[in-house]
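Heavy atoms only: backbone and side chains are in, while hydrogens, waters and symmetry mates are out.
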Amino acid sequence: MPSFQSLPGFREFYPDALARRNHLFRVWRQTARAFGFQEYDAPVLEPLDLYRAKSGDEIEGQLFSFTDKGGREVALRPEMTPTVCRLVGEKAATLKRPIKWFSIAEFYRYERMQKGRGRCFHQFNADIFGEPGPEAETELIALLVQCLSTFGLTAQDFYVRLSDRNLWFHYLEALGLDGPRVRAVLGAVDKFEKLGDDAFKAYAEQFGPLEPVVKDKVLAFLQVKSLAAIEETLAPHGSAALAARLADWRRLLGGLAAMGLAEFVQVDLGVVRGLAYYTGFVFEAFDRKGELRAIAGGGRYDDLVGKLGGPDLPAVGFAIGDMTFALLLEARGLTPALVQAADVYCVIGGEAERSAAFGDIHALRAAGFAVEYPFKELGFGKQFKAAAESGARLALIYGGDELAKGVVKIRDLSTRTEREVPADAVVAAVRDSLGGA
RNA sequence: GCGGUCAUAGCUCAGUUGGUUAGAGCACUAGAUUGUGAAUCUAGGGGUCGCGGGUUCGAGUCCCGUUGGCCGCCCCA
């Protein structure tokens with residue numbers, strides 16, 4: 001038996017829902033442009049290997065992947081990062097630095113649905129390539145904060161937790177751990193908030209129990225919530241590299257503070273992000289009440305462009321997902337009431353008046369006004385009701401009396417006042433009333 | 001991949017221990033209404049009761065399966 005339901009986890013956008021989505025995208029786009037980011041786009045379908053190369057074979061279970069008619073293994077994109085790395089990598093030599101790009105796109109992941117998570121969703125992605133210093137992080141975190149606060153969200157609603165995998169590498173190596181052990185400890189740190197002490201089980205299975213002295217230091221470090229505490233903890237392990245890293249921290253936090261964003265940013269070494277490819281600062285935006293999953297996340301991935309076949313190119317980026325963000329706006333009562341309103345509604349007396357009205361209707365539309373009119377003959381009462389419901393600010397009245405006098409009546413639907421204008425001056429009169437279009 | 005829970009009109013829901021042709025509100029359409037606004041009144045369209053099977057004289061109702069939604073676990077780029 002055929003079924004014509006949409007596929008599980010996929011969303012359909014009826015006009016009201018699409019209006020809200022478009023509003024999100026419009027604001028994000030304007031904000032990114034204000035920060036000097038350029039928009040790009042790329043294919044929805046990509047070679048499966050692009051994601052294997054970045055994330056390993058196990059990623060395949062989470063992908064919408066299949067073999068196309070040419071025998072190619074392909075996947076619907078689950079994220080933008082590998083794609084944008086390829087785009088930038090291919091033209092890196094010719095692109096003006098710094099490379100500041102953004103996109104708003106749809107992604108697909110073959111997963112079970114949950115609150116704030118579906119099989120298709122949109123993300124705003126912003127990335128900066130070619131800038132190794134913390135100025136890139138400053139710019140991106142500022143953009144992230146602005147993308148959320150433009151909707152009316154404040155520092156009481158959300159915050160950005162800022163951490164640094166680089167610092168963790170320094171510290172764990174100073175504690176005597178080798179590369180594999182460092183990665184395993186970071187895995188435990190990533191899960192500690194959720195699992196507590198069980199987070200270290202995986203480490204223990206692989207390498208035996210973590211030395212109590214080391215573990216205590218790790219547990220203390222992941223609770224660090226200020227730069228001062230970082231400096232204090234690391235003071236005994238001083239090195240040139242560490243000093244440089246702490247200078248990066250001061251530049252980043254100083255820059256954000258100078259932008260007036262300090263209240264949005266919380267140093268929090270408990271965030272390391274699970275992904276191994278992050279190489280430096282990492283950050284995630286959460287609602288303050290802790291009711292929702294992460295709203296946005298990002299970090300530095302200096303090795304990824306090279307790993308995907310491009311030149312060595314430092315990079316930082318973040319993404320905001322639309323689903324959790326929409327839930328947050330809804331919870332804070334900030335979902336705007338969007339009306340898709342016409343500018344002008346034409347009230348037409350009868351068939352004779354209709355052809356007179358059509359000339360003006362087309363001219364007004366060509367001038368950029370949104371114009372509605374009834375397809376069929378309707379009583380005036382119905383038409384005025386329809387005019388009010390259309391949200392139009394003006395009604396143009398093409399009645400027999402008016403046309404006989406060579407005029408069209410313009411009714412302002414909010415003030416309920418009317419005036420007559422010569423029939424050949426309608427477009428100018430509408431422009432005058434509505435302030436151009 | 002696992003678990004919980006739910007499924008009746010576009011939406012929110014009612015539907016008696018299993019019993020006639022499955023209902024209401026909202027929304028939509030039309031009329032009352034041939035020159036002026038969200039009201040009112042009247043009428044109408046819209047349902048294979050998610051789907052399939054079983055029990056029964058009889059299933060929206062009970063049983064099994066399945067699909068889908070929601071919530072959580074795993075995972076979360």
Visitor: Hey, are A:R419 and A:D412 close enough for a salt bridge, meaning a charged N less than 4.0 Å from a carboxylate O?
Guide: no
Visitor: Check the angle between the aromatic planes of A:F221 and A:Y171 and answer parallel, tilted or perpendicular using the 30° and 60° thresholds.
Guide: tilted
Visitor: Distance check needed: B:rC70 P versus A:L327 CG, whole Å only.
Guide: 11 Å
Visitor: Taking atom C1' in both B:rC49 and B:rA24, compute the distance separating them and give it to the nearest angstrom.
Guide: 16 Å
Visitor: Quick check for you: to the nearest 0.5 Å, what is the distance between A:L252 atom CG and A:D248 atom CG?
Guide: 8.5 Å
Visitor: With RNA chain B as reference, determine whether A:L63 or A:P8 sits nearer its 5' end, using the nearest nucleotide of each.
Guide: A:P8
Visitor: Within this structure, what is the CG-to-C1' distance between A:D322 and B:rC76, rounded to whole angstrom?
Guide: 16 Å
Visitor: Would you mind listing every ring pair (Phe, Tyr, Trp, His ring centres under 6.0 Å) that reaches into residues 270-291 of chain A, with sequence neighbours excluded?
Guide: A:W249-A:F281
Visitor: If I pick the C1' atom on B:rG18 and the same atom on B:rA59, what distance separates them, to the nearest angstrom?
Guide: 7 Å
Visitor: When A:F325 is tested against each of A:F124, A:F151, A:F25, A:F121 for ring pair (Phe, Tyr, Trp, His ring centres under 6.0 Å), which residue passes?
Guide: A:F151
Visitor: Under the criterion side chain to side chain contact (heavy atoms under 4.5 Å, CB included), I'd like the reasoning laid out for A:D268 against A:L162: C-alpha separation, chi angles, the key distance, then a yes or no.
Guide: CA-CA 6 Å; A:D268 187 341; A:L162 174 64; over 6 Å; no
Visitor: Can you list, in residue-number order, the parts of residues 184-202 of chain A that come under 4.0 Å of RNA chain B, counting heavy atoms only?
Guide: A:K191, A:K194
Visitor: Taking side-chain contact (heavy atoms from CB on, under 4.5 Å) as the test, write out the residues that go with A:E111, two or more places apart.
Guide: A:Q62, A:R109, A:R117
Visitor: Considering only residues two or more places apart or on different chains, which pairs with a residue in residues 31-84 of chain A satisfy ring pair (Phe, Tyr, Trp, His ring centres under 6.0 Å)?
Guide: A:F10-A:F64, A:Y40-A:W101, A:F64-A:Y110
Visitor: Provide, to the nearest angstrom, the distance between the CE atom belonging to A:M113 and the P atom belonging to B:rC73.
Guide: 15 Å
Visitor: Once side-chain contact (heavy atoms from CB on, under 4.5 Å) is applied, do any residues pair with A:A17, and if so which ones, sequence neighbours excluded?
Guide: A:F13, A:R20
Visitor: If the condition is side-chain contact (heavy atoms from CB on, under 4.5 Å), which residues does A:P374 pass it with, not counting sequence neighbours?
Guide: A:Y345, A:L378, A:Q383
Visitor: Quick one: A:R119 CZ to B:rG1 C1', roughly how many Å, whole number?
Guide: 11 Å
Visitor: Does the side chain of A:Y108 reach to within under 4.5 Å of the side chain of A:R119, using non-hydrogen atoms?
Guide: no
Visitor: Just call it for A:Y51: base, sugar-phosphate, or nothing, with non-hydrogen atoms closer than 4.0 Å on any strand.
Guide: nothing
Visitor: A:R293 has an atom CZ; how far is it from atom P of B:rC74, in whole Å?
Guide: 11 Å
Visitor: Please give the distance between the P atoms of B:rA39 and B:rC26 as a whole number of Å.
Guide: 11 Å
Visitor: For the pair A:L76 and A:L45, evaluate side chain to side chain contact (heavy atoms under 4.5 Å, CB included) and give the outcome as yes or no after the intermediate values.
Guide: CA-CA 5 Å; A:L76 290 169; A:L45 197 62; 3.9 Å; yes
Visitor: For RNA chain B, what dot-bracket results from Watson-Crick or G-U pairs at under 3.5 Å, with [ ] for crossers and | for inter-strand partners?
Guide: (((((((..((((.....[...)))).(((((.......))))).....(((((..]....))))))))))))....
Visitor: All N/O contacts under 3.5 Å from nucleotides 2-7 of chain B to the protein, with atom names and distances to one decimal?
Guide:
from	atom 1	to	atom 2	distance (Å)
B:rC2	N4	A:R112	NE	3.3

Visitor: With sequence neighbours left out, write down each residue that passes side-chain contact (heavy atoms from CB on, under 4.5 Å) with A:S65, or none if nothing qualifies.
Guide: A:L48, A:E60, A:L63, A:A75
Visitor: Write down the distance between OH (A:Y277) and P (B:rC76), rounded to a whole number of angstrom.
Guide: 11 Å
Visitor: Between B:rA7 and B:rA14, how many Å separate the two P atoms, rounded to a whole number?
Guide: 9 Å
Visitor: From C-beta outward on A:Q114, which listed nucleotide comes closest to its side chain: B:rG35, B:rC73, B:rG31?
Guide: B:rC73
Visitor: Rounding to the closest angstrom, what is the interatomic distance between B:rA38 and B:rC28 at atom P?
Guide: 13 Å
Visitor: Polar pairs (N or O, both sides) under 3.5 Å between protein and nucleotides 36-39 of chain B?
Guide:
from	atom 1	to	atom 2	distance (Å)
B:rU36	O2	A:R411	NE	3.1
B:rU36	O2	A:R411	NH1	3.1
B:rU36	O2	A:E418	OE2	3.3
B:rU36	N3	A:E418	OE2	2.5
B:rU36	O4	A:K409	NZ	3.3
B:rU36	O4	A:E418	OE1	3.4
B:rU36	O4	A:E418	OE2	3.4
B:rG37	O2'	A:R416	NH2	3.3
B:rG37	N7	A:R411	NE	3.4
B:rG37	N7	A:R411	NH2	3.1
B:rG37	O6	A:R411	NE	2.4
B:rG37	O6	A:R411	NH2	2.9
B:rG37	N1	A:L413	O	2.5
B:rG37	N2	A:L413	O	2.9

Visitor: Quote, to the nearest angstrom, the P distance that separates B:rG45 from B:rG37.
Guide: 30 Å
Visitor: Of all residues at least two apart in sequence or in a different chain, which pass the ring pair (Phe, Tyr, Trp, His ring centres under 6.0 Å) check with A:H170?
Guide: none
Visitor: Within this structure, what is the NZ-to-C1' distance between A:K376 and B:rU34, rounded to whole angstrom?
Guide: 18 Å
Visitor: Looking across every strand, which nucleic acid part, if any, lies under 4.0 Å from A:Q383 by heavy atom: base, sugar-phosphate, or nothing?
Guide: nothing
Visitor: Can you tell me, in whole Å, how much space there is between the P of B:rG58 and that of B:rG44?
Guide: 34 Å
Visitor: Quick one: does A:L24's side chain get under 4.5 Å of A:L329's, heavy atoms only?
Guide: yes
Visitor: Reckon A:G350 touches a base, only the sugar-phosphate, or nothing at all at heavy-atom distances under 4.0 Å?
Guide: nothing
Visitor: I need the OH-C1' distance between A:Y14 and B:rA27, as an integer number of Å.
Guide: 14 Å
Visitor: Could I get the full list of salt bridge (charged side-chain N to carboxylate O under 4.0 Å, His left out) partners for A:D401, not counting sequence neighbours?
Guide: none
Visitor: How far does the C1' atom of B:rU48 sit from the matching atom of B:rU8, given to the nearest Å?
Guide: 13 Å
Visitor: Determine the contact category for A:G321: base if any of its heavy atoms lies under 4.0 Å from a base atom, sugar-phosphate if only primed atoms, P, OP1 or OP2 are that close, otherwise nothing.
Guide: nothing
Visitor: On the side chain of A:R109, is there an atom forming a donor-acceptor pair with the base of B:rC76 - under 3.5 Å, no angle test?
Guide: no
Visitor: Is it the case that the base of B:rC75 and the side chain of A:R117 share a donor-acceptor contact (distance under 3.5 Å, atom types as modelled)?
Guide: yes
